[in-house]
*Asks:* 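The structure that follows is given in the form of structure tokens.
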Amino acid sequence: MTEIEPEKLAQSFGGLGELFLPGQAQTPILSKPVRSALHQWLFEINAADELASVGLKPRTRCLLSGPPGCGKTTLAHHICARLGIPILVVQSTEIIGTYLGESGQRLNKLFKSVRRQAIEIGLFFDEFDALAKSRADLGSSGADNERTNITIALLQEFDRYDGLLFAATNQAQIIDPAIWRRFNMQIEIGLPGAEERFAIVKLYLAPFDADDETVAILATAFDGASPALIREGCEAIKRALVLGPKIGLDIDLPAILSRFVASASPAEGQPIPALWQDRRGAFNAAAKAPWPPTLPQKA
Ligand SMILES: Nc1ncnc2c1ncn2[C@@H]1O[C@H](COP(=O)(O)OP(=O)(O)OP(=O)(O)O)[C@@H](O)[C@H]1O
Ligand SMILES: [Mg+2]
């Protein structure tokens with residue numbers, strides 16, 4: 001790959017989108033079926049020649065759906081990083097204009113600038129439902145006409161573009177069916193199951209080395225929570241462990257969790273996680289966890 005000059009590259013998309021480089025990517029923790037689907041996808045992207053021998057091309061368009069904070073953006077960035085390419089994250093609000101035809105022009109400018117690059121980049125549309133809402137749900141107001149124009153412009157641009165394309169939505173059910181069909185992968189990233197929550201708690205409690213029994217108790221308390229909320233919880237625990245003793249805060253696990261539930265809430269419209277639903281049960285379980293975790297000795 002050509003050497004990337006980040007600032008120069010970031011300026012070359014006409015002020016649209018935010019560019020993230022491969023080195024800044026995180027690895028999301030995902031369910032086994034999603035992991036193996038992605039594994040196959042990465043493999044096929046790297047085996048384009050073999051696929052060509054049977055008249056096939058690697059799939060390049062992936063629609064990610066699921067609740068907020070479960071890793072849609074993280075995953076798209078991770079896939080691009082695995083392929084060694086930057087990702088341009090475009091918010092739908094950057095595309096939607098106020099004048100008739102303005103949004104289509106912005107889309108055209110965006111795709112042109114991406115096609116013009118000497119290096120490959122991944123293109124990611126966030127809050128995609130705002131751009132590609134089903135035309136069947138639109139009326140005849142000026143704003144709705146513009147929405148219809150956006151969908152038509154998207155269809156045209158997609159058909160001319162063969163680079164890597166991602167879109168993410170929390171509302172897969174309202175995406176226009178013609179746009180939906182243009183994606184050759186549709187991956188739903190739901191709330192993490194027990195095994196994934198265990199791995200997420202362990203990941204975000206690091207560098208603290210918590211006992212597996214403690215990690216399992218926390219993973220149960222976070223049943224129903226998104227990875228983003230679990231991360232917040234783990235960071236609250238780490239902050240309390242580091243600063244608590246200095247300012248006289250109780251650093252028993254139930255006390256830390258109790259302060260956390262009082263100061264954080266799951267996203268609006270999302271399931272209520274166990275820790276919020278049955279605080280007493282979660283605090284009782286936490287009281288039995290081996291505590292506090294240790295920090296590895298500095299060399
Ligand atoms: N599956 C995951 N594994 C590990 N960490 C995760 C995962 N999902 C989310 N996170 C953490 O939560 C943060 C927010 O996640 P991300 O922005 O990828 O979610 P999203 O699904 O794109 O949410 P939204 O719908 O709000 O855009 C990430 O930066 C990461 O720290
Ligand atoms: Mg996102």
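Order of appearance sets the numbers: ligands from 1, and atoms from 1 within every ligand.
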*Asks:* Using only heavy-atom distances, determine whether the side chains of E146 and S103 contain a donor-acceptor pair under 3.5 Å.
*Replies:* yes
*Asks:* Is it true that the side chains of Q117 and S12 contain a donor and an acceptor less than 3.5 Å apart?
*Replies:* yes
*Asks:* Geometry only, no angles: is N170 polar-contacting ligand 1 at N/O separations under 3.5 Å?
*Replies:*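 Yes; at least one N/O pair falls below 3.5 Å.
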*Asks:* Looking only at distance, does C70 have an N or O less than 3.5 Å from an N or O of ligand 1?
*Replies:*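 So ligand 1 has an N or O lying under 3.5 Å from an N or O of C70.
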*Asks:* So which protein heavy atom does atom 4 (C) of ligand 1 come closest to, and at what separation?
*Replies:*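 Among all protein heavy atoms, the one nearest atom 4 (C) of ligand 1 is Y204 OH, 3.4 Å.
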*Asks:* State which residue, out of K238, R239, R231, fulfils the side chain to side chain donor-acceptor pair (under 3.5 Å) condition with E235.
*Replies:* R231
*Asks:* Distance to 0.1 Å, residue and atom name: give those for the protein heavy atom nearest to atom 15 (O) of ligand 1.
*Replies:* T74 OG1, 3.6 Å
*Asks:* Can K202 and D212 be counted as an ion pair, charged N to O under 4.0 angstrom?
*Replies:* yes
*Asks:* Answer yes when D223 and R197 have at least one side-chain N-carboxylate O distance shorter than 4.0 Å, and no when they do not.
*Replies:*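 Looking at R197 together with D223, the answer is yes, because their closest N to O distance falls below 4.0 Å.
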*Asks:* Does a salt bridge link D159 with R182, judged by any charged N lying under 4.0 Å from a carboxylate O?
*Replies:* yes
*Asks:* Among all the protein's non-hydrogen atoms, which is closest to atom 29 (O) of ligand 1, and how far away is it?
*Replies:* Q26 OE1, 3.2 Å
*Asks:* Evaluate G71 for polar contact with ligand 1, using N/O atom pairs at a separation under 3.5 Å.
*Replies:*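 Between G71 and ligand 1, an N or O pair is found under 3.5 Å apart.
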*Asks:* So is I29 polar-close to ligand 1, meaning N/O to N/O under 3.5 Å?
*Replies:*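 Checking ligand 1 against I29, an N or O pair does fall under 3.5 Å apart.
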*Asks:* Taking backbone and side chain together, does T74 place any N/O/S atom at a distance below 2.8 Å from the Mg ion (ligand 2)?
*Replies:* no
*Asks:* Return yes when atom CZ of R82 has more than 12 non-hydrogen atoms of other residues, nucleotides or ligands closer than 6.0 Å, and no otherwise.
*Replies:* no
*Asks:* Quick one: do R59 and E44 make a salt bridge, cutoff under 4.0 Å?
*Replies:* yes
*Asks:* Would you say the ring centers of F158 and F183 fall short of 6.0 Å from each other?
*Replies:* yes
*Asks:* Looking only at protein heavy atoms, which one is nearest to atom 26 (O) of ligand 1, and how far off is it?
*Replies:* P68 CB, 3.6 Å
*Asks:* Could you check atom 6 (C) of ligand 1 against the protein and tell me its nearest heavy-atom contact, residue, atom and distance included?
*Replies:*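 Protein heavy atom with the smallest distance to atom 6 (C) of ligand 1: P227 CB, 3.5 Å.
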*Asks:* Below 4.0 Å, non-hydrogen atoms only: which portion of A228 touches ligand 1? Side chain, backbone, both or neither.
*Replies:*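 Looking at A228 and ligand 1, atoms from backbone and side chain both fall under 4.0 Å.
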*Asks:* Using a 4.0 Å heavy-atom cut-off, say whether E127 meets ligand 1 through its side chain, its backbone, both or neither.
*Replies:* neither
*Asks:* Looking only at protein heavy atoms, which one is nearest to atom 21 (O) of ligand 1, and how far off is it?
*Replies:* K72 NZ, 2.8 Å
*Asks:* Would you say ligand 1 has an N or O under 3.5 Å from any N or O of T27?
*Replies:* no
*Asks:* For atom 31 (O) of ligand 1, what is the nearest protein heavy atom, given as residue, atom name and distance?
*Replies:*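 In this structure, atom 31 (O) of ligand 1 has R231 NH1, 2.4 Å as its nearest protein heavy atom.
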*Asks:* Taking ring pair (Phe, Tyr, Trp, His ring centres under 6.0 Å) as the criterion, tell me which of F125, F128, W41 meets it with F166.
*Replies:*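 Exactly one pass, corresponding to W41.
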*Asks:* To which of A267, P192, G69, P28 does the heavy atom nearest atom 24 (P) of ligand 1 belong?
*Replies:*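 Looking at heavy atoms only, the winner is G69.
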*Asks:* Any idea how W276 and F222 line up, ring-wise: parallel (<30°), tilted (30 to 60°), or perpendicular (>60°)?
*Replies:*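 Geometry flag for F222 against W276: tilted rings.
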*Asks:* Of the protein's non-hydrogen atoms, which lies at the shortest distance from atom 27 (O) of ligand 1, and what is that distance?
*Replies:* T73 OG1, 4.0 Å
